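A short worksheet on the structure shown next.
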Protein chains: 2
Amino acid sequence: MEKSKRILLVEDEESLGYLLGEYLKMKGFAVQWAKHGMEAMAALERLQFDLAILDVTMPEMDGFSLAARMKEVYPELPFLFLSARSLKIDVLKGFSLGAVDYLKKPIDEEELVVRINAILSRIQPDRSKPKNITYQLGDYRFDPANQQLTFGENRTRLTTRESELLRYLADNMNSLCSHRDILTQLWGENDYFNRKSLNVFITRLRRYLNMDERIRIENVHGKGFILRAFQ
Amino acid sequence: MEKSKRILLVEDEESLGYLLGEYLKMKGFAVQWAKHGMEAMAALERLQFDLAILDVTMPEMDGFSLAARMKEVYPELPFLFLSARSLKIDVLKGFSLGAVDYLKKPIDEEELVVRINAILSRIQPDRSKPKNITYQLGDYRFDPANQQLTFGENRTRLTTRESELLRYLADNMNSLCSHRDILTQLWGENDYFNRKSLNVFITRLRRYLNMDERIRIENVHGKGFILRAFQ
DNA sequence: ATTCGGCTTAATCTTTCGTTAATCCTTTTT
DNA sequence: AAAAAGGATTAACGAAAGATTAAGCCGAAT
């Protein structure tokens, strides 16, 4: 069973939003319905999505403005527009903002679904790195497949989470891994409690890694962590 | 200059085919116009394409059949349909064959072009990752993503504000950044206290940057600051 | 049912960073 | 030249974030 794709639906109209959300859920998507831009940004902070569907005409922040803000913060996330405004200028504007599609209302739900699938199938199913690689971290050797960390004769058995976290950091060696990305990726949700949990795991990894000074987990205040290797 | 993308246009109607072909050429695409399925298959044999545009209603072999055959032989080539038949069943069939888009006639040429670009930019995995851009400031290297400034072996970790500010200045290298713009952009509000705060940050950045005389933050009295690089 | 391993929650202590304040210096205006 | 306004520099403060340790909880294994 494949993991269902996560869709952020931003639609201010109650009835359409509800209907569309339920329909997409029925079709096997994990749908989060946000009623306006602020709510959408909050959802993006908390969860990770594969696609965003934006209504163009909304009060406060319209779909175009929202798309622009989203693109700033989450440039990888593909999005498409729904709009009653089928003026050519709007369509062009939508695409110029980087949309992958622009659908004119009234929406045909079936067509929407096949278009969504067309989009999602074109997204590279993440170049997952080979499972059985090992990482050299200073004088440590980390083997994610077997969840173990060796330092000379010394062997530490890691728990699943410890191993996943260290792997995530090691994959992004020397570059910042944001709380948000770590948590949405590994925990599934970015909230206060999970962030506390993350701190505990960081402490544990630090203890395991304290035999070699050249390898260190640094914190970037308010942002996240960096696994850094010196020399 | 980027290499122009190669498009295979399959359209039996003389006038539309010619018009569309010329329009796309004008827009910088390398277009090959085939008037029916056989010609299209021959062209595919001969040349490599980035995208195929298929008319649905054609004598002999219709667009759907052609798409099916193409997919057999060139499964990587993305294709989209043009069609006067806007029946839902046709649209669904088009996508089920693996189309990346389905446009209903009459075609708006401008819209077609932006849709083509949207498709091509999604498909070309853009080898160059424009992600971790860094700035060269004299002998310093500034990495905003990791909030750090390096000078040879020496590394300075920047706080979020410091990094944002230096980035703003570096983006506008050698030109005046007004208080007003910096403050509204980064602080959100331009008032007396925030301006004081800005001064403190300017002092801090100056200290970090004082190892290379050729890089300097100048003040323009009553106006703002300039990050200036000499020589 | 009891134990145990592993993740989460809680409690407490430490560090960080943006702000504010105080003081001195520089430029512009009167 | 004096006054006024703008800017530079340094230090200190307090809220928020992070680190660390311990306790709690829950499902799996015994």
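In this text, all values refer to a predicted model and were calculated from it rather than measured experimentally.
Taking the six-membered ring for Trp, A:Phe81 and A:Phe64 have ring centres closer than 6.0 Å.
Distances were taken from every side-chain heavy atom of B:Ser197 (C-beta onward) to each of C:dT19, C:dG6, D:dA19; the shortest belongs to C:dT19. Closest contact between the side chain of A:His221 and the listed nucleotides D:dT10, D:dG18, C:dG6 involves D:dG18. Distance from the side chain of A:Lys196 is smallest for C:dT9 among the nucleotides C:dT9, C:dC7, C:dT20. Set against C:dA21, D:dA8, D:dG18, the side chain of A:Asn219 has D:dG18 as its closest nucleotide.
Contact between the side-chain N/O atoms of B:Asn199 and the OP1/OP2 oxygens of D:dG7 is not found at any separation under 4.0 Å. Side-chain N/O atoms of B:Arg207 include none lying less than 4.0 angstrom from OP1 or OP2 on D:dT9. The phosphate of D:dG6 (OP1 or OP2) has no side-chain N or O of B:His179 nearer than 4.0 angstrom. An OP1 or OP2 oxygen of C:dG18 is reached within less than 4.0 angstrom by no side-chain nitrogen or oxygen of B:Trp187. B:Arg161 has a side-chain polar atom (N or O) that falls below the 4.0 Å cut-off from OP1 or OP2 of C:dT19. Taking 4.0 angstrom as the limit, B:Thr203 places a side-chain polar atom (N or O) nearer than this to OP1 or OP2 of D:dT9. Using a 4.0 Å cut-off, no side-chain N or O of B:Thr159 falls inside it from OP1 or OP2 of C:dT16.
Of all heavy-atom pairs between A:Ala34 and A:Glu39, the closest is CA-OE2, 3.6 Å. Contact between A:Asp12 and A:Thr57 at its shortest, heavy atoms only, is OD1-O, 3.4 Å. Contact detail for A:Gly17 and A:Leu9: the closest heavy-atom pair is O-CD2, 3.7 Å.
Atom CG of B:Leu186 and atom C1' of C:dG18 are 13 Å apart (whole Å). Atom-to-atom, CZ of B:Phe225 to C1' of D:dT9 comes out at 13 Å; the value is rounded to the nearest Å. For the pair A:Ile202 CD1 and C:dC7 C1', the computed distance is 15 Å after rounding to whole Å. Whole-Å rounding puts the A:Leu165 CG to C:dG6 P distance at 16 Å. B:Phe201 places its CZ atom 17 Å from the P atom of D:dG7, with the value rounded to the nearest Å. Going from atom CG of B:Asn190 over to atom P of C:dT19 covers 13 Å, rounded to whole Å.
On a pure distance criterion of 3.5 Å, a polar donor-acceptor pair joins the side chain of B:Arg204 and the base of C:dT19.
Within 4.0 Å of B:Arg195, counting heavy atoms only, lies no atom of the nucleic acid at all.
Remark: side-chain polar atoms of B:Ser197 are not paired, donor with acceptor, to backbone N or O of B:Asn194 under 3.5 angstrom.
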